[in-house]
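First comes the structure, then the notes that go with it.
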Amino acid sequence: MTTALDAVPRIRRGVKCTFDQIREAHVVLFPEGVLVLNETAASVVALCDGARSVGDIAVVLADEYDGVEPSDVAELVRRLVERRVVDVDG
């Protein structure tokens, strides 16, 4: 099951997003571990501000990247929720 397009994701408390110089990649640091993100996933996480919906995030990303599908963004947010990186309202 994917996250609804009207859900509003936000970074969980205790989660930090940063660029790891050693890995030369964006990472998310959270109590359970580290996630290494590709550029698109890093952009999604950066937009999880508690103000934009998943659909809004997809629109922003579609302006920046080719082939962005709202369902793909919703699936990524769902996986981030499972990993306890983001929470969603709605």
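Heavy atoms only: backbone and side chains are in, while hydrogens, waters and symmetry mates are out. In this chain, numbering begins with 1 at the start of the sequence shown.
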Who clusters with Ile22? Use side-chain heavy atoms, under 4.5 angstrom, across I, L, V, M, F, W and Y, and order the result by chain and number. none
Less than 4.5 Å apart, side chain to side chain, heavy atoms only: is that true for Phe30 and Arg84? no
Starting at CZ of Arg79, measure out to OG1 of Thr3 and round the result to the nearest 0.5 Å. 10.5 Å
If we only count heavy atoms from C-beta on, is the Val15 to Leu29 side-chain gap below 4.5 Å? no
Is Leu37 close to Val27 at the side-chain level, that is, under 4.5 Å between some pair of heavy atoms? no
Which atoms form the tightest heavy-atom contact between Ala74 and Leu5, and what is the distance? CB-CD2, 4.1 Å
What do the steps show when you test Val77 against Val88 for side-chain contact (heavy atoms from CB on, under 4.5 Å), and what is the final call? CA-CA 9 Å; Val77 170; Val88 292; 3.9 Å; yes
Looking at Arg10, I'd like to know if its CZ atom is crowded, meaning that more than 12 non-hydrogen atoms belonging to other residues, nucleotides or ligands lie closer than 6.0 Å. yes
What residues, two or more places apart in sequence or in another chain, satisfy side-chain contact (heavy atoms from CB on, under 4.5 Å) together with Asn38? Thr40, Ala41
Those residues that, when tested against Phe19, pass ring-ring contact (aromatic ring centres under 6.0 Å, His included) (two or more places apart): His26
Does the side chain of Val45 reach to within under 4.5 Å of the side chain of Leu80, using non-hydrogen atoms? yes
Which residues pass the side-chain contact (heavy atoms from CB on, under 4.5 Å) test with Glu64, sequence neighbours left out? Ser43
So which heavy atom on Ile11 is nearest to which on Cys17, and how close? CD1-SG, 4.2 Å
Count the heavy atoms belonging to other residues, nucleotides or ligands that lie under 6.0 Å from CD of Glu32, then report whether that count exceeds 12. yes
Residues forming a side-chain contact (heavy atoms from CB on, under 4.5 Å) with Val59, sequence neighbours excluded: none
Provide the closest heavy-atom pair for Ala58 versus Pro70 in the form atom of the first, atom of the second, distance. CB-CA, 3.8 Å
Audit row: Val34, Val28, side-chain contact (heavy atoms from CB on, under 4.5 Å) steps and yes/no: CA-CA 6 Å; Val34 176; Val28 175; over 6 Å; no
Between Glu75 and Arg78 (salt bridge meaning N to carboxylate O under 4.0 Å), is one present in this structure? yes
Checking side-chain contact (heavy atoms from CB on, under 4.5 Å) against Pro9, which of Asp87, Asp89, Ile57, Val81 comes through? Ile57
Can you list everything that forms a side-chain contact (heavy atoms from CB on, under 4.5 Å) with Ala25? Sequence neighbours excluded, please. Arg23, Val36
